[in-house]
**Q** 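Pasting a structure here, questions to come.
Because the structure is predicted, anything quoted here is derived from the model rather than measured. Numbering of ligands and ligand atoms starts at 1, following listing order.
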Amino acid sequence: MALPLPLNEFIRPLFQQIYDASPPILTSLVDQSNQIIAWGWSTTIDLTSSFMSDSHYFRICVLPTGISLALFWMLNIPLLFFNFYPNLNPIESWKIQKGRYETLDRVAWMVVVVVVNQTVAMAISMSQQNYQGLLDLNYQSGMADIPTLGDLLWQVTACCYLYDAIFFACHCLMHTKWLYHNIHKVHHKSKITIGISSAYFHPADYVFSAIAVVLPPLLVSNHVLTSCLWMTVFMFETTNAHCGYEIPFAPSAKDHDFHHSHSFYSSKEYRFVTMGAFALVWDRLFGTKQPVDDWWAKNPNGITKRMKAPVEKDQKKD
Ligand SMILES: [Zn+2]
Ligand SMILES: [Zn+2]
């Protein structure tokens, strides 16, 4: 299969027609946005060329993963702090599992696992094999073929829906008996989501799940700028989904928080619930979001401090 899929050939003329029919104020806004995108990317090229002899390698192999790791820690260090100092937390009233926190021992272990996973991810993305694979796909990082505002808008939106579909399928596979008990259970040990839960996986699960993240931008674009923007959107989405707070105007984090607190192999009722991400398209289609909505309707305060949280049965008793 040649990548990217030839979707741009259909969508670009459509966007051009909309552009041609738009009032001058809108077309000038689009032109200015495209100039800002081109200026930003040419600055990135200049910067990376100033310290790398093979700056193409740096931009296609290091930059997207580097952006996601930098964003991960920028967003999660404050969340870790507030797990231990809830009295200082200005958003404590938005906490989903009220009064429930991870212990220092657990957090320390989670950080170790996360750092191991991120090291593995960085090693794979920086490997010669990955570089050669991207070269074979004619993956671009220069000014030629740079995506426009219209390209980025549809490509990143498409990435969100593609990710939901691929992640839903991979995640359902991970909730089958052997894969759950031997691999995916690590992610579900995080019953109280605290942000870093988003990268707290068995390394095999982390690498497998990464397919759903890295594949969508390759399917829709041949330029790494799409990947960089998608990684940024993805990091905000997955951190929000695992942050443990219901932040106003942000997508609801209650669905994935419930997946961590209630969905596990030994649960007859909730083994497969809220398995996707973003708009949860496939959960809505397969009816695996409804049980979560029903639970929240019956328990509007969620799991509180005094309430008994569901306990996952021992593997042998399942
Ligand atoms: Zn799961
Ligand atoms: Zn999760």
Side-chain angles (χ1 to χ4, degrees), residues 68 71-72 75-76 79-80 83 95-97 100 102 106-107 109-111 113-114 117-118 121 160 163-213 233-247 250-283 286-289 291-292 295 302-303 309-313 315 318:
S68 70
L71 257 176
F72 177 90
L75 296 169
N76 280 304
L79 290 171
L80 278 179
N83 176 70
K95 185 139 172 78
I96 298 169
Q97 297 186 34
R100 289 163 57 82
E102 280 289 13
R106 285 268 314 138
V107 170
W109 175 242
M110 287 171 83
V111 169
V113 173
V114 167
N117 285 340
Q118 292 179 337
C160 297
Y163 173 77
D164 182 28
I166 304 167
F167 178 64
F168 181 88
C170 294
H171 194 180
C172 285
L173 205 62
M174 279 294 165
H175 275 241
T176 54
K177 193 169 187 176
W178 192 90
L179 287 170
Y180 181 83
H181 288 308
N182 292 286
I183 295 176
H184 191 56
K185 195 173 184 174
V186 173
H187 189 57
H188 280 266
K189 281 183 180 167
S190 176
K191 302 287 179 198
I192 307 158
T193 52
I194 57 158
I196 59 164
S197 310
S198 70
Y200 178 63
F201 284 94
H202 186 296
D205 200 358
Y206 189 74
V207 172
F208 184 61
S209 305
I211 295 169
V213 185
V233 171
F234 171 72
M235 282 316 301
F236 276 103
E237 190 278 337
T238 192
T239 307
N240 177 61
H242 289 93
C243 73
Y245 301 95
E246 183 70 353
I247 300 169
S252 178
K254 282 182 172 176
D255 290 320
H256 200 69
D257 186 85
F258 188 88
H259 184 78
H260 278 264
S261 60
H262 284 76
S263 177
F264 38 78
Y265 189 82
S266 56
S267 167
K268 285 187 175 63
E269 226 178 335
Y270 302 121
R271 189 197 298 174
F272 293 100
V273 290
T274 47
M275 307 299 286
F278 288 96
L280 299 169
V281 171
W282 298 93
D283 281 296
F286 284 99
T288 46
K289 184 182 182 319
V292 179
W295 187 90
I303 308 172
V311 179
E312 196 163 351
K313 280 188 214 158
Q315 181 178 340
D318 286 338

**Q** Quick one: angle His175 NE2 - the Zn ion (ligand 1) - His188 NE2, to the nearest 10°?
**A**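 With the Zn ion (ligand 1) as the vertex, the angle is close to 100°.
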**Q** Please report the C-alpha distance between His188 and Phe264 in whole Å, then the side-chain angles of each, then the deciding distance to 0.1 Å, and finally whether the ring-ring contact (aromatic ring centres under 6.0 Å, His included) criterion is met.
**A** CA-CA 7 Å; His188 280 266; Phe264 38 78; 7.7 Å; no
**Q** I'd like to verify the contacts: list protein N, O or S atoms under a distance of 2.8 Å from the Zn ion (ligand 2).
**A**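 Near the Zn ion (ligand 2), the protein supplies His187 NE2, His242 NE2, His256 NE2, His260 NE2.
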**Q** Grab the two heavy atoms, one from Pro310 and one from Ile303, that are nearest each other, plus how far apart they are.
**A**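 The pair with the smallest heavy-atom distance is CD-CD1, 4.4 Å.
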**Q** If you take the centroid of each ring, where Trp contributes its six-membered ring, are Phe272 and Phe286 closer together than 6.0 Å?
**A**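 Between Phe272 and Phe286, which both carry aromatic rings, the centre distance is not below 6.0 Å.
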**Q** Are Phe208 and Phe201 close enough that their ring centers fall under 6.0 Å?
**A**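 Phe208 vs Phe201: aromatic centres not under 6.0 Å.
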**Q** With side-chain hydrogen bond (donor to acceptor under 3.5 Å, both in side chains) as the test, pick out the partner of His259 among His175, Lys254, His187.
**A**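 It is His175; the other options fail the test.
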**Q** Do Val114 and Asn76 make a side-chain contact, defined as non-hydrogen atoms from C-beta onward lying under 4.5 Å apart?
**A**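 Heavy-atom side-chain distance check fails, nothing below 4.5 Å.
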**Q** Angle at the Zn ion (ligand 1), NE2 of His184 to NE2 of His171, rounded to 10 degrees, please.
**A**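 With the Zn ion (ligand 1) as the vertex, NE2 (His184) and NE2 (His171) sit 90° apart.
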**Q** To the nearest 0.5 Å, tell me how far Phe167 CZ sits from Met174 CE.
**A**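 Reported value, rounded in 0.5 Å steps: 10.0 Å.
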